[in-house]
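Mind having a look at this structure? Questions to follow.
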Amino acid sequence: MSEDTGGRRRPGADGAGRSDDARAGSRPVTAAGRRRRGAADGDGETGTTRVVARGDKGAPTPSRDAARSASSEGSVIARLRRFLREVVAELRKVHWPTRRQIVVYTVVVLVFVAFMVTLVGLLDIGFQKLTFALFG
């Protein structure tokens, strides 16, 4: 077993047939290794290499720039069609309640509203009588 930069031991890199370079499909162990791998491999979508410098904090990532420019391109009709398609796709994901659930929810709401109206009405009558008793 070999040690990575953090002092932890990694299996498979001790000369047992594979080196670190041969393990291209494996995941890096440390955050620094992930940053190095991300900078070497690129981001996958656009094929560009990410810059991992500290001075670039706050700069938008390439995927945000690509999404922003792609959404602003095209005619108004094409964007409207895309929007409507996405609305329909989102509505298909919604959990629509059954008829029985709607009836139960409606009854619960009506009972709660009736209870609150009764409570506020009784408190109003009680405060009214208290006020008349105090101030005559």
Side-chain angles (χ1 to χ4, degrees):
M1 295 202 166
S2 68
E3 293 185 14
D4 63 0
T5 57
R8 289 175 284 190
R9 300 180 66 74
R10 293 182 302 172
D14 59 343
R18 295 190 328 194
S19 67
D20 287 341
D21 296 331
R23 298 181 337 142
S26 67
R27 294 177 13 196
V29 176
T30 63
R34 287 189 292 274
R35 282 193 298 270
R36 278 192 302 269
R37 180 175 178 175
D41 292 346
D43 61 359
E45 290 182 30
T46 60
T48 59
T49 309
R50 291 188 312 162
V51 178
V52 195
R54 289 183 181 220
D56 290 333
K57 284 187 175 181
T61 59
S63 62
R64 283 191 201 148
D65 287 340
R68 188 176 300 137
S69 66
S71 67
S72 64
E73 292 178 4
S75 69
V76 174
I77 304 261
R79 285 185 288 166
L80 182 63
R81 280 185 179 166
R82 180 178 176 205
F83 172 75
L84 291 176
R85 269 189 273 126
E86 290 177 3
V87 166
V88 170
E90 288 299 319
L91 286 176
R92 286 186 181 142
K93 296 177 187 177
V94 173
H95 169 72
W96 296 100
T98 63
R99 183 178 181 91
R100 181 164 191 235
Q101 288 174 329
I102 294 292
V103 170
V104 168
Y105 297 156
T106 304
V107 169
V108 167
V109 167
L110 290 176
V111 167
F112 179 75
V113 168
F115 172 76
M116 292 306 293
V117 165
T118 305
L119 179 67
V120 170
L122 289 175
L123 287 173
D124 184 44
I125 291 171
F127 285 127
Q128 179 185 10
K129 289 189 181 206
L130 181 67
T131 303
F132 283 136
L134 290 176
F135 300 108

Rounded at 0.5 Å granularity, tell me how far CD1 in I77 sits from CZ in R79. 10.5 Å

Calculate, to the nearest 0.5 Å, the distance between atoms CG and CG belonging to L119 and D124 respectively. 11.0 Å

To the nearest 0.5 Å, tell me how far L80 CG sits from R85 CZ. 10.5 Å

Linking I/L/V/M/F/W/Y whenever any side-chain heavy atoms sit under 4.5 Å apart, do V87 and V94 land together? yes

In this structure, CG of L134 is separated from CZ of F127 (nearest 0.5 Å) by 11.5 Å

Quickly, which of V117, L110, V111 forms a side chain to side chain contact (heavy atoms under 4.5 Å, CB included) with V113? Name it, please. V117

Report yes if some heavy atom in the side chain of L91 is under 4.5 Å from a heavy atom in the side chain of W96; otherwise report no. yes

